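Report on the structure given below.
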Amino acid sequence: MNILGIESSCDECAASIVSDGKNIKSSVIATQVDFHREYMGVVPEIASRKHTEWIQGVVEKSLEQSGLSLHDIDGIAVTQKPGLIGALLVGLSFAKGLSFSTGIPWVGVDHILAHLYAPCLEYDVEYPALGLLVSGGHTLIAKLDSIDAVSVLGATIDDACGEAFDKVAKFYEIGYPGGALIDKLSEKGNCEAFAFPKPWLHKGDDHEFDVSYSGLKTAVINQLDQFWDGKSEKSKENICASFQKTAVDMIIKPLKKAIQKTGITRLVTGGGVIANSYLRRCLLDLDGVTTYLPSMPLCTDNASMIAGLGYHYLKKGESFDYSETAESRVRRFRKCYP
Ligand code: KG4
Ligand code: ZN
């Protein structure tokens with residue numbers, strides 16, 4: 001079965017054709033970074049407008065690259081949630097229109113579940129597994145009984161890990177997008193120049209696998225001197241290396257706890273921050289754990305993961321009707337306090 005996947009939840013306008021949930025026949029990712037750079041962050045209105053301009057061309061290019069035509073497409077899968085609502089609606093409306101005019105069935109796909117499906121495009125993943133999703137909008141540790149039976153064990157109670165990378169990069173004028181640039185600068189830095197605090201939320205059975213990134217972000221931006229070792233240079237490289245090590249160590253600790261507590265030794269990973277070189281090293285070093293790390297283009301937003309997961313719904317004969325719409329938030333992937 002050939003599935004056309006469409007992704008437009010944030011600032012990547014992407015389409016991909018994947019057959020049988022595994023074989024990537026084409027993947028087109030048109031990034032909008034150049035249009036958001038001067039604001040050092042994604043501007044939702046610009047994102048929606050660019051998606052509107054680009055979506056048709058991106059889908060046409062994905063068909064062309066695959067050597068297939070619309071007649072060969074058995075289903076359409078599109079990101080339905082979560083994300084920027086205007087941006088989501090562009091992809092969703094395009095998918096619905098294409099489905100209506102061709103009769104090809106369509107399904108909506110959850111972007112978070114799709115990130116956790118990304119490793120399945122490259123490995124034969126077995127379940128149950130633990131899932132680690134670290135992106136610009138989410139940070140969570142979950143138990144996966146199958147590709148889409150996910151129970152959240154822990155999540156950030158405030159900022160996402162990727163968001164902290166982006167805000168630190170913005171404050172220190174490191175560039176945009178921030179995560180990959182911090183990763184690069186960290187290579188030349190001393191990760192012990194600053195001993196940033198690591199909040200540990202665990203109280204009794206509460207918050208056992210939760211994390212919090214807003215305190216770290218504040219410490220790096222507003223309280224640098226307080227955590228300085230008093231001798232290293234206060235260079236961007238040293239700030240980046242110390243921040244990156246703290247941000248990654250903070251998620252590795254509850255992850256190790258979840259592995260120990262559940263006894264599950266398979267780990268699927270996904271999301272843009274999984275591209276981080278230090279995080280990848282830590283994940284590969286986990287003792288006795290089989291870690292499925294997606295290759296770089298499958299960590300960040302792409303449409304292959306959408307087509308891949310959508311295939312499993314369409315194969316079962318599922319299809320959505322045209323009254324379905326986009327949702328910006330998915331409550332179960334977010335912690336709500338109190
Ligand atoms: O999964 P993604 O493309 O979009 C969301 O669903 O959020 O993730 C984007 C996030 C951004 O915060 C970006 O800074 C971060 O992933 N990122 C990285 C790296 N590459 C991308 N963070 C740390 N190190 C990297 N190498
Ligand atoms: Zn994403």
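Computed from a prediction, not measured in an experiment: that's the story for all the values here. Numbering of residues begins at 1 and proceeds along the displayed sequence. Ligands are counted one by one from 1 in listed order, and the atoms in each one are counted from 1 as well.
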The Zn ion (ligand 2) contact by Cys10, N, O or S atom under 2.8 Å: no
For residues Asp301 and Thr79, determine if any side-chain heavy atom of one lies less than 4.5 Å from a side-chain heavy atom of the other. no
Any idea which part of Asn276 is under 4.0 Å from ligand 1, heavy-atom wise: side chain, backbone, both or neither? both
Can you tell me the protein heavy atom closest to atom 9 (C) of ligand 1 and the distance? Gly136 N, 3.8 Å
Any nitrogen or oxygen of Asp301, main chain or side chain, under 3.5 Å from a nitrogen or oxygen of ligand 1? yes
Do the rings of His115 and His111 sit parallel, tilted or perpendicular, given the 30° and 60° boundaries? perpendicular
At less than 4.0 angstrom from any non-hydrogen atom of Gly162, what atoms of ligand 1 do you find? 12 (O)
What atoms of ligand 1 come closer than 4.0 angstrom to any heavy atom of His115? 1 (O), 6 (O)
Can you say whether the rings of Tyr322 and Trp106 are parallel (under 30°), tilted (30 to 60°) or perpendicular (over 60°)? parallel
Backbone or side chain, does any N or O of Gly271 fall under 3.5 Å from an N or O of ligand 1? no
Identify the closest protein heavy atom to atom 22 (N) of ligand 1: which residue and atom is it, and at what distance? Gly179 CA, 3.4 Å
Is Ala180 in contact with ligand 1, taking contact as a heavy-atom separation below 4.0 Å? yes
Looking just at side-chain N and O atoms, do Ser16 and Ser304 make a donor-acceptor pair shorter than 3.5 Å? yes
Counting only N and O atoms by type, is there a donor-acceptor contact under 3.5 Å from the side chain of Ser101 to the main-chain atoms of Leu98? yes
Measure the distance from atom 26 (N) of ligand 1 to every protein heavy atom, then report the residue, atom name and distance (to 0.1 Å) of the closest one. Asp183 OD2, 3.0 Å
I want to know if ligand 1 touches Gly272 in the polar sense, i.e. an N/O pair below 3.5 angstrom. yes
N/O separation below 3.5 Å, His111 to ligand 1: yes
Would Tyr278 and Asp249 count as having a side-chain donor-acceptor pair, cut-off 3.5 Å? yes
Relative to atom 15 (C) of ligand 1, which among Val273, Thr139, Ile274 owns the nearest non-hydrogen atom? Val273
Side chains of Asp158 and Ser212, donor plus acceptor under 3.5 Å: yes
Run the salt bridge (Lys or Arg N to Asp or Glu O under 4.0 Å) test on Arg49 and Glu53 for me, step by step, so that the C-alpha distance in whole Å, both residues' side-chain angles and the decisive distance to 0.1 Å come before the verdict. CA-CA 6 Å; Arg49 285 173 190 234; Glu53 283 171 30; over 6 Å; no
Pull out every atom of ligand 1 sitting under 4.0 Å from any heavy atom of Thr300, numbered as shown with elements. 3 (O)
Using a 4.5 Å cut-off on heavy atoms from C-beta on, say whether the side chain of Ile141 contacts that of Pro254. yes
Side chains of Glu318 and His312, donor plus acceptor under 3.5 Å: no
Heavy-atom contacts with Gly137 under 4.0 Å: which atoms of ligand 1 show up? List them by number with element. 7 (O)
Could you check which N/O/S atom of Asp301 is closest to the Zn ion (ligand 2)? OD1
If we count only N and O atoms by modelled type, under 3.5 Å, do the side chains of Ser295 and Glu122 hold a donor and an acceptor together? yes
Main-chain N/O of Tyr172 paired to Lys236 side chain as donor or acceptor, under 3.5 Å: yes
Determine whether the side chain, the backbone, both or neither of Glu12 has a heavy atom under 4.0 Å from any heavy atom of ligand 1. neither
Can you tell me if His138 has an N, O or S atom under 2.8 Å away from the Zn ion (ligand 2)? no
Provide, to 0.1 Å, the distance between atom 11 (C) of ligand 1 and the closest protein heavy atom, together with that atom's residue and name. Asp166 OD2, 3.5 Å
